[in-house]
There are 2 protein chains.
Amino acid sequence: MKERMDQIKKELHAQSYKLTPQREATVEVLLENEEDHLSAEDVYLLVKEKAPEIGLATVYRTLELLNELEIVDKINFGDGVSRYDLRKEGADHSHHHLVCIHCGSVSEIEEDLLGDVEKKVERDWAFKIKDHRLTFHGVCVNCQTEHEASDEAPTLKAAHP
Amino acid sequence: MKERMDQIKKELHAQSYKLTPQREATVEVLLENEEDHLSAEDVYLLVKEKAPEIGLATVYRTLELLNELEIVDKINFGDGVSRYDLRKEGADHSHHHLVCIHCGSVSEIEEDLLGDVEKKVERDWAFKIKDHRLTFHGVCVNCQTEHEASDEAPTLKAAHP
DNA sequence: GTCCTTGCAAAAGGTTTGCACCAGG
DNA sequence: CCTGGTGCAAACCTTTTGCAAGGAC
């Protein structure tokens with residue numbers, strides 16, 4: 001985790017940005033909640049615990065910066081908020097997601113499943129792919145067994161009714 | 001196009017919804033701009049030409065209704081607005097998209113490229129897939145040749161700066 | 001009459017921006 | 001100093017909602 005922070009610090013410096021305390025706290029939160037697909041507001045609340053004086057706007061500005069540097073991916077599951085997902089070390093593309101339509105939980109697929117598909121698209125559609133977004137909507141293991149389950153602890157804050 | 005409208009009318013009636021003039025005008029607009037990934041505002045402006053008295057709220061309500069009935073897919077390319085994409089006749093899933101990061105154009109892939117991938121996900125992650133969202137971000141044919149091209153006529157209204 | 005649907009306006013989020021201020025080279 | 005970064009509040013935009021009125025059966 002420490003190494004990751006150093007690496008991010010370098011990437012910032014390489015573009016002549018500073019790793020200010022606010023930015024550091026934000027990155028820490030992202031590192032500590034790597035699996036959680038936090039919204040800007042979520043990040044803000046968590047960062048406030050480390051740096052109570054931080055403003056929401058700074059969090060937005062930091063997340064946007066990290067997104068531009070391709071350190072995080074801004075993703076959208078159609079529930080009205082943007083979520084920010086730290087890229088895996090060295091990954092050159094966004095990973096995939098499984099969104100449960102019952103409990104709202106989101107899990108990740110780190111394995112790249114699109115190698116062949118991307119080759120085909122580049123060949124047949126003459127499109128130069130830089131990145132992708134792949135999300136499956138369906139029913140997670142838990143909700144498949146507990147057929148009526150909707151009282152899970154969802155990773156996603158609130159599935160809109 | 002006429003048949004499609006009748007089919008949609010039936011689907012509405014099947015759920016005891018009416019095809020009011022406002023709803024019909026909205027569906028017409030979607031049919032006439034099937035390739036265009038319109039936002040609610042876009043749809044509103046176009047519908048106003050046919051039915052000037054319509055309100056924006058009605059357009060939103062109609063689009064939401066059509067989305068629930070799986071007649072349109074609500075999609076999001078990360079530019080801050082939802083776009084509405086008519087499903088192909090009989091399709092049981094959302095089709096794929098190619099978004100050009102230069103000119104903002106969006107084109108569609110109707111062929112389902114995810115058959116094998118979905119099998120693998122259902123098997124290895126025990127996730128019951130109901131639908132998917134797949135979008136590639138990259139450079140379209142036009143922008144690959146005209147290297148500096150950004151003055152294309154974009155299908156997507158405005159790529160946020 | 002009853003229920004569905006609509007238009008308008010207001011409200012409700014989420015996100016961005018303007019501006020004064022602060023800190024480090 | 002000068003610049004980049006920050007906090008606060010206001011502004012902005014998209015989307016949703018409350019409510020009275022209109023229409024079909």
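In the text below, chain A, chain B and the rest are named by the order of the sequence lines, each starting its count at 1.
Nucleic acid contact class of E53(A) (heavy atoms, under 4.0 Å, all strands): sugar-phosphate only.
If you measure from atom CG of L65(A) to atom C1' of dT16(C), you get 16 Å, rounded to the nearest angstrom. One interatomic measurement links the two molecules: CZ of R23(A) to C1' of dG5(D), which rounds to 6 Å at whole-angstrom precision. Summarising the geometry, the separation between CD on E64(A) and P on dT16(C) is reported as 6 Å, rounded to the nearest angstrom. Per the geometry, CG belonging to N76(B) stands 13 Å off P belonging to dT14(D), to the nearest Å. Atom pair L19(A):CG and dG24(C):C1' shows a separation of 15 Å (rounding to whole Å applied). One atom, CD of E24(B), and another, C1' of dT6(C), lie 16 Å apart when rounded to the nearest Å. Residue I54(A) contributes atom CD1, which lies 9 Å from atom C1' of dT6(D) at whole-angstrom precision. Atom CD in Q15(A) sits roughly 14 Å away from atom P in dG4(D) (whole-Å rounding).
Ion pairing of K88(B) with E35(B) is present here, as a side-chain N (NZ or NE/NH1/NH2) and a carboxylate O approach within less than 4.0 Å.
Looking at V81(B) and E41(B), their side chains never come closer than 4.5 Å, going by heavy atoms from C-beta outward. Side-chain contact between L134(B) and R133(A) is absent, with no heavy atoms from C-beta onward closer than 4.5 Å. Side-chain atoms of D85(A) and V72(A), non-hydrogen and from C-beta on, never get closer than 4.5 Å to each other. R123(A) is listed as a side-chain neighbour of K120(A), based on a closest heavy-atom distance under 4.5 Å.
Under 3.5 Å, the side chains of D112(B) and H95(B) contain no donor-acceptor pair of N or O atoms.
Heavy-atom minimum distance, S82(A) versus N76(A): OG-ND2, 4.2 Å.
How far CD1 of I8(A) is from CG of L30(A): 8.0 Å, rounded to the nearest 0.5 Å.
Between H96(B) and H132(B), the two ring planes are tilted [angle within 30° to 60°].
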Pick out the pairs of N or O atoms, protein on one side and nucleotides 11-15 of chain C on the other, that lie under 3.5 Å.
residue : atom : partner : partner atom : Å
dT15(C) : OP1  : S82(A)  : N            : 3.0
dT15(C) : OP1  : S82(A)  : OG           : 3.3
dT15(C) : OP2  : Y60(A)  : OH           : 2.4
dT15(C) : O5'  : Y60(A)  : OH           : 3.1

Which letter, B, S or -, goes with each nucleotide of nucleotides 18-25 of chain D from 5' to 3', with contact meaning a protein heavy atom under 4.0 Å? B-------

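Taking side-chain N and O atoms only, T20(A) has no distance below 4.0 Å to OP1 or OP2 of dG5(D).
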